[in-house]
Amino acid sequence: MSEAVSALAGAGFDGIARVEEAGQVGMVTLRGDLDSAAMVKAVKTATDAAVPGQRAITRAGGYAVAWMSPDELLITCDHDKADAVVNSLAKSLAGAQFLAVNVSDARAVFDVSGAQARDVLAKLMPVDFSRAAFGPDIIRRSRLAQVPAAVWMSADDTFRVVCFRSVARYLFDVLCMAAQDGSEVGVLG
Amino acid sequence: MLILDCPYCGVTAEETEFHGGGEAHLKRFGPGSSDEDFEGYLFHRENPRGVHFERWRHVNGCGKWFHVARDTATLEVFGSYSAQVTEPPQEIRDAITAKRPGWRWREFA
């Protein structure tokens with residue numbers, strides 16, 4: 001089988017914030033009735049994390065479960081664990097109406113880090129990135145410049161941005177432009 | 001610029017995160033209907049100056065369709081509500097009546 005690679009082979013940029021492609025990240029899309037007992041149990045079995053509430057993200061070990069819409073979750077994990085997660089979900093949810101798909105290679109993932117990271121993202125997204133409004137337990141799907149993207153905090157002053165792989169180069173370029181030296185805004189930092 | 005609430009995400013976001021989907025609460029007239037009814041379903045749209053009901057989609061977010069009641073002249077938004085209804089819920093009608101007494105839109109008031 002051919003060797004799997006990430007969209008931009010770990011490209012990086014240092015400006016007022018560090019922009020870096022996160023490489024290969026395992027991602028599983030799970031759709032179904034999020035309130036059902038079977039779903040709660042299946043997610044717990046597969047990831048050890050709880051089903052998140054509206055716009056929340058829960059974590060356990062190397063797994064994170066993010067709320068994407070009232071009937072959709074995004075599970076992130078190590079790239080080589082994604083198939084195991086799908087299999088575990090399929091086993092737990094057998095008989096129920098659900099959809100679990102390994103979408104790891106359909107996405108590109110970027111990390112924006114540094115004290116200015118909030119300002120860099122706020123230049124591009126119509127989202128409140130103030131410390132009071134955007135904390136570590138939130139996932140926000142929105143628009144980043146001209147493409148849809150999801151963003152959450154993976155550590156202090158570090159934001160993880162997920163987009164479709166087909167727009168990876170565009171997203172990286174526009175993040176680098178927003179992070180270029182001398183472009184500090186100094187509002188949210 | 002409109003500021004809309006997505007009833008599914010609970011997100012309050014600006015217009016560019018959404019996409020307009022035209023007039024709300026259209027009643028479909030299909031096979032067996034009269035030519036007039038079918039023509040109205042296909043082509044006749046409200047174009048009010050004032051209270052209006054529209055469909056919107058949270059295209060850059062959860063991807064769900066929902067309904068919005070707003071004023072086309074002032075861009076004031078009266079509220080958003082589920083797509084799974086065939087007429088505006090009472091709390092939306094009350095919110096409009098509080099600000100635009102005597103409003104009418106198609107068969108709703």
Side-chain angles (χ1 to χ4, degrees), chain A residues 29-35 51-57 65-74 99 101 103 106-108 121-130 132-135 137-152 161-164 166-167 170-171 174 178, chain B residues 1-26 28 52-93 95:
Chain A
T29 283
L30 175 60
R31 300 196 78 151
D33 180 1
L34 302 189
D35 297 326
V51 172
Q54 190 181 56
R55 296 205 312 283
I57 182 165
V65 184
W67 188 92
M68 298 293 270
S69 82
D71 57 0
E72 180 178 345
L73 298 175
L74 178 71
L99 183 81
V101 181
V103 295
R107 307 279 171 84
L121 287 169
K123 288 181 193 180
L124 298 168
M125 302 178 76
V127 173
D128 184 354
F129 277 104
S130 64
F134 206 111
D137 298 324
I138 290 175
I139 173 170
R140 181 71 156 81
R141 298 176 73 184
S142 183
R143 168 181 71 79
L144 195 149
Q146 298 185 43
V147 296
V151 58
W152 65 87
V161 183
V162 177
C163 68
F164 289 118
S166 55
V167 293
Y170 169 79
L171 197 113
V174 80
Chain B
M1 177 74 70
L2 293 169
I3 307 283
L4 303 177
D5 293 321
C6 172
Y8 297 102
C9 290
V11 159
T12 301
E14 50 124 319
E15 192 179 332
T16 60
E17 201 172 304
F18 302 94
H19 193 274
E23 187 176 321
H25 306 305
L26 293 177
R28 182 170 187 273
H52 195 30
F53 294 85
E54 289 174 326
R55 303 197 309 146
W56 284 80
R57 182 172 179 243
H58 196 183
V59 65
N60 284 322
C62 62
K64 303 294 182 197
W65 285 95
F66 59 97
H67 286 132
V68 170
R70 69 180 183 99
D71 188 310
T72 57
T74 64
L75 299 190
E76 179 178 5
V77 177
F78 300 114
S80 52
Y81 52 99
S82 164
Q84 328 302 330
V85 295
T86 52
E87 56 182 71
Q90 195 57 46
E91 65 264 26
I92 296 290
R93 297 182 193 212

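Computed from a predicted model, the values in this text were never measured in an experiment. Every chain is numbered from 1 and lettered A, B, ... according to where its sequence line falls, protein lines coming before strand lines.
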Derivation and outcome, side-chain contact (heavy atoms from CB on, under 4.5 Å), residues B/K64 and A/D71: CA-CA 10 Å; B/K64 303 294 182 197; A/D71 57 0; 3.1 Å; yes

Determine the minimum heavy-atom distance between [X] and [Y], stating which atoms define it.
X: B/C9; Y: A/W67; value: CA-CH2, 3.8 Å
X: A/S142; Y: B/E17; value: OG-OE1, 2.7 Å
X: A/P126; Y: B/E14; value: CB-OE2, 3.0 Å
X: A/R140; Y: B/T12; value: NH2-O, 4.2 Å

Part of B/V11 lying under 4.5 Å from any heavy atom of chain A: both

Side chain / backbone / both / neither for A/R143 at chain B, heavy atoms under 4.5 Å: both

Side chain to side chain donor-acceptor pair (under 3.5 Å) against A/Q54, all qualifying residues, sequence neighbours excluded: none

A/F164 atom CZ, over 12 foreign heavy atoms within 6.0 Å: no

